[in-house]
Amino acid sequence: MHITVQRDKLSNAVSHVSKAVSSRTTIPILTGIKIKTDDEGITLTASDSDISIEVQIPLEEAGDWGVTIHQPGSIVLPARIFSEIVRKLPSNEIHIQADDRLVTQIRSGQAEFTINGMDASEYPQLPHLEEDKVISVPCDLLKAMIRQTVFGVSTSEMRPILTGIMWSLEQGKLRFVATDSHRLASRTAMVECPEDLSFHNVVVPGKSCNELMKILDDDQNLADIVVADNQILVKSKHILFYSRLLEGTYPDTTRIIPQGSKTEITVSTKEFLQSIERASLLSREGKSNVVKLVTLSDGSVEITSNAPEIGKVTDILMPKALNGEELKISFNAKYMIDALRAIDSTEIKASFTGPMSPFVIRPTDHDWMLHLILPVRTY
């Protein structure tokens, strides 16, 4: 194999695929990045058997030179060292040449590295997915949907299914749900897809979603999502992102969302967030990070926190509207802060059905998003 490639393009591709390289794998070849060249360009592949990422560098794109293939072939190079080398090479042109004994020379400007490669034929094949279930979502929307739900996944392995985001599709409406059984985040959006296409219980690991969010562009270009039995594939521009799905049945979360409410508070998202953050300064020093919310008779809301060994804080908030019964409720401040930071709208409505029942937070200007939080017993 012998190629000349533009450094910035190679560096970008290597940083994308490196996200799938495992440092703890028992399969030595998976510590490497596979480089395969053909008459269309170079394809880089990395996998940790949960996530696989493939990035193509075409010969040229929009008149911009990317790579020249002098002799096609393939090699697997150790990921950590290869990505460091590429990042630190001096010139914008990189020459990579591998011989029959897998010894690879990497030259750029006055610098030359010789490293030992591995046999590409031993690298596991990526799954081939039947592309009969395909939906198209703008990259920036897909990123936003992940960002607005992924914090809600469980970090505990007690119920592995809850460590993922559940994706479902019905009548063109894509829905993401994440819950750790103390809180729930849900986000929906209308997407392009065949009319009769639907799927349920597609649970993508939270770790995969985080890595996908990092490599998607912030633009309106469409990403194609292919759903198979135990894999999902997201295709965007020159990137293919595969993830295995979690096995098991995701709990039916629609049953726990209260339909009515006894108290409703409409408030500026930013003011509410800042107030909770202030209260959390003391509560997070204690073990529980609990904040208490009380509605007062003059139409204001009092937010307090008490850490016996440090002190207490009281914050008064004037909501835009306050309707219904008087309320005293306590909740985990971190859960509230995560939910408020995920909401892009300027105002939210919080709906409560009592001090011991889950409560719901929604933006006031659309119904695409919902956050549910379980209160904490403080007495």
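Just so it is clear, the model here is predicted, and its values are computed rather than measured.
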Does Asp50 come within less than 4.0 Å of Lys207, counting only side-chain N to carboxylate O? no
Tell me the ring-ring contact (aromatic ring centres under 6.0 Å, His included) pairs involving residues 1-43, sequence neighbours left out? His2-His70
Check the pair Thr4 / His95 against side-chain hydrogen bond (donor to acceptor under 3.5 Å, both in side chains), numbers first and verdict last. CA-CA 4 Å; Thr4 308; His95 302 273; 3.1 Å; yes
Lys214 and Glu211 ion-paired at < 4.0 Å: yes
List the atom of Ser198, the atom of Lys133, and the distance in Å for their closest heavy-atom pair. O-NZ, 4.4 Å
Cluster overlap Val76 with Leu44, hydrophobic side-chain contacts below 4.5 Å: no
Are Trp368 and Arg187 close enough that some pair of their side-chain heavy atoms sits under 4.5 Å apart? yes
Reference residue Ser280; test side chain to side chain contact (heavy atoms under 4.5 Å, CB included); the match among Val290, Ile303, Ile337: Ile337
Would you say Glu309 has more than 12 foreign heavy atoms packed within less than 6.0 Å of its CD? yes
Kindly give the cluster partners of Val313, where membership spreads through any ILVMFWY side chain lying under 4.5 Å from a current member. Leu282, Ile310
So do the side chains of Glu277 and Arg341 get within less than 4.5 Å of each other, counting heavy atoms only? yes
Interatomic distance, CG@Asn230 vs CZ@Arg244, rounded to 0.5 Å, equals 9.5 Å
Looking at Arg183 and Asp180, does any basic side-chain N land under 4.0 Å from a carboxylate oxygen? yes
Is Lys36 paired with Glu54 through a side-chain N to carboxylate O contact shorter than 4.0 Å? no
If we only count heavy atoms from C-beta on, is the Ile265 to Ile348 side-chain gap below 4.5 Å? no
Drop me the distance from Arg107's CZ to Leu89's CG, to the nearest 0.5 angstrom. 11.5 Å
When every non-hydrogen atom of Leu327 is compared with those of Pro355, the smallest separation belongs to CD1-N, 4.3 Å
Quick check: is Phe241 connected to Leu233 through a chain of hydrophobic side chains (ILVMFWY, heavy atoms under 4.5 Å apart)? no
Do you know which two heavy atoms are closest between Arg278 and Asp315, and how far apart they sit? NE-OD1, 2.8 Å
Output for pair (Lys292 NZ, Asn306 CG), nearest 0.5 Å, gives 9.5 Å
May I ask you to check whether over 12 heavy atoms, not counting those of Lys9, lie within 6.0 Å of atom NZ? yes
dist Asp39:CG -> Leu59:CG (nearest 0.5 Å) comes out at 7.5 Å
CG of Asn201 to CH2 of Trp167: how many Å apart, nearest 0.5 Å? 14.0 Å
Is the shortest heavy-atom distance from the side chain of Phe82 to the side chain of Ile96 under 4.5 Å? yes
Any donor-acceptor N or O pair under 3.5 Å, side chains Gln148, Asp344: yes
ring-ring contact (aromatic ring centres under 6.0 Å, His included) filter on Tyr123, not counting sequence neighbours, yields none
Is the shortest heavy-atom distance from the side chain of Ser168 to the side chain of Val177 under 4.5 Å? no
Heavy-atom nearest pair, Leu129 first then Ala228, reads CD2-CB, 3.8 Å
Within 6.0 Å of CG in Asp64, more than 12 heavy atoms from elsewhere: yes
Compute whether any side-chain donor of one residue and acceptor of the other, for Arg175 and Ser186, lie under 3.5 angstrom apart. yes
Using modelled atom types only, decide if a donor and an acceptor are shared between the side chain of Thr37 and the backbone of Ile42 within a distance under 3.5 Å. no
State whether the side chain of Ser83 and the backbone N or O of Ala79 hold a donor-acceptor pair below 3.5 Å, judged by distance alone. yes
Quick one: are Phe359 and Met336 in side-chain contact, heavy atoms under 4.5 Å? yes
Mind listing the closest non-hydrogen atom pair of Ser47 and Ser52 along with its distance? OG-OG, 2.9 Å
For the pair Lys237 and Glu61, find out whether any cationic side-chain nitrogen is under 4.0 Å from an anionic carboxylate oxygen. no
Exercise: identify the closest heavy-atom pair between Ala189 and Met145: CB-SD, 3.8 Å
Any chance you could lay out the side-chain hydrogen bond (donor to acceptor under 3.5 Å, both in side chains) test for Ser243 and Ser208, step after step, and finish with the verdict? CA-CA 6 Å; Ser243 170; Ser208 302; 2.8 Å; yes
Are more than 12 heavy atoms from other residues, nucleotides or ligands located less than 6.0 Å from atom NZ of Lys349? no
Interatomic distance, CG@Leu142 vs CG@Asn221, rounded to 0.5 Å, equals 13.0 Å
